[in-house]
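One structure is given here, and the rest of the page talks about it.
Side-chain atoms are counted along with the backbone in the values below, which use heavy atoms only and exclude waters and symmetry mates. Along the sequence shown, residues carry numbers from 1.
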Amino acid sequence: MKRALLLLARAVVGGVVAAQLAGAALFVLVVLVEAADASLPDVLRAAATRVPALWAQASAVLGLCGAALAVVRLRRQGVLLGLASLGVGPRLVLVVAGLTGAAVGGLASRVPVDAPARTGEWARGDGGWIRDGEGWPDAPGGVVRPLPRATRDPVADTLTGCAAGALGATLGLYAGAAPTLVAAALLLVTDLVARGLAERGALPTAGVGVAAAVAGAAILVLLLRAPLFPRRWG
């Protein structure tokens, strides 16, 4: 049983990690293309500041795709049937994928939302503006203090990552590529819209967890309609 769980965890974690690395590599390529005319130090600085934030925004969707691809591969190879004979049922796949997604979400929550200002750029501070470390107060004689860098909500990111990973495993078990792509797009749009509304005060801070709720509802619908065991794809 332990060896079977280890095999399952290795396959799912490997698929999720591969998807995260592929997404990060794609974001690096996008930044390099956008900054193709800049100097090498500026290109490297742009990649170092923009890629982590881009990855954090897409980490849940990448986890969904990675879990789905990993489970589909297990289905095609007939590994799920072998795992079932050892006592590892298909529902346990959701737990492993959910825990993996939660770990990714927790890591993404550590990434700052905004990048630090570069040399020569203006940054808004408390009581005025800041440029190259010098404060320019709104009122004469005022004091300008740097604003704390915005961070993501660890609870919301962890829950979203967990729900996305479990949804990816569910889609890999009982659906195909087309539903997975639709679910990934829906989750990404829902997460971005919810975060944007929360940042503007249109939603409470807990509203950023709406993406996790949508993913959880999709999992419930799929499980209610799912067969006892997923068929093997030839």
Side-chain angles (χ1 to χ4, degrees), residues 12-70 97-125 130-133 146-165 167-168 184-200 205-212 215:
V12 173
V13 173
V16 172
V17 170
Q20 301 293 338
L21 293 177
L26 177 61
F27 295 140
V28 170
L29 179 60
V30 170
V31 172
L32 292 180
V33 171
E34 290 181 349
D37 297 333
S39 62
L40 181 59
D42 289 339
V43 171
L44 296 178
R45 189 181 302 110
T49 55
R50 291 189 57 195
V51 171
L54 291 173
W55 169 80
Q57 290 179 354
S59 60
V61 173
L62 293 173
L64 183 153
C65 295
L69 291 175
L99 292 176
T100 305
V104 173
L107 179 62
S109 69
R110 308 290 295 179
V111 178
V113 176
D114 55 346
R118 294 182 295 180
T119 302
E121 287 186 345
W122 292 91
R124 183 62 187 174
I130 300 174
R131 183 182 183 184
D132 297 337
L147 293 174
R149 296 184 64 184
T151 57
R152 301 170 66 92
D153 186 351
V155 175
D157 280 351
T158 301
L159 290 177
T160 301
C162 180
L167 177 57
L186 177 62
L187 182 66
L188 179 61
V189 172
T190 302
D191 188 39
L192 291 178
V193 171
R195 292 182 187 279
L197 292 176
E199 290 174 0
R200 289 161 177 79
T205 305
V208 297
V210 68

- Kindly state each residue pair satisfying salt bridge (charged side-chain N to carboxylate O under 4.0 Å, His left out) with at least one member in residues 187-197, sequence neighbours excluded.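 Only D157-R195, D191-R195 qualify under salt bridge (charged side-chain N to carboxylate O under 4.0 Å, His left out).
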- Task: With sequence neighbours excluded, tell me which residues meet side chain to side chain contact (heavy atoms under 4.5 Å, CB included) with L159.
- Result: V155, A212
Work out which heavy atom in [X] is nearest to a heavy atom in [Y]; give both atom names and the distance.
X    : Y    : value
A194 : V210 : CB-CG1, 3.2 Å
A70  : G15  : CB-CA, 4.1 Å
A108 : S59  : CB-OG, 3.4 Å
A215 : A164 : CB-N, 4.4 Å
A67  : V16  : N-CG2, 3.8 Å
T160 : A211 : CG2-CB, 4.2 Å

- Do V28 and W55 come close enough that some side-chain heavy atom pair is under 4.5 Å? no
State the [atom1]-[atom2] distance between [X] and [Y], to the nearest 0.5 angstrom.
X    : Y    : atom1 : atom2 : value
T158 : L99  : OG1   : CG    : 11.5 Å
L26  : L21  : CG    : CG    : 12.5 Å
C65  : L167 : SG    : CG    : 10.0 Å

- Query: Under 3.5 Å, side chain of T190 to main-chain N/O of L187, donor-acceptor pair present?
  - Reply: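 No, T190 side chain to L187 backbone: no donor-acceptor pair under 3.5 Å.
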- Partner residues of Q57 under the side chain to side chain donor-acceptor pair (under 3.5 Å) criterion, sequence neighbours left out: none
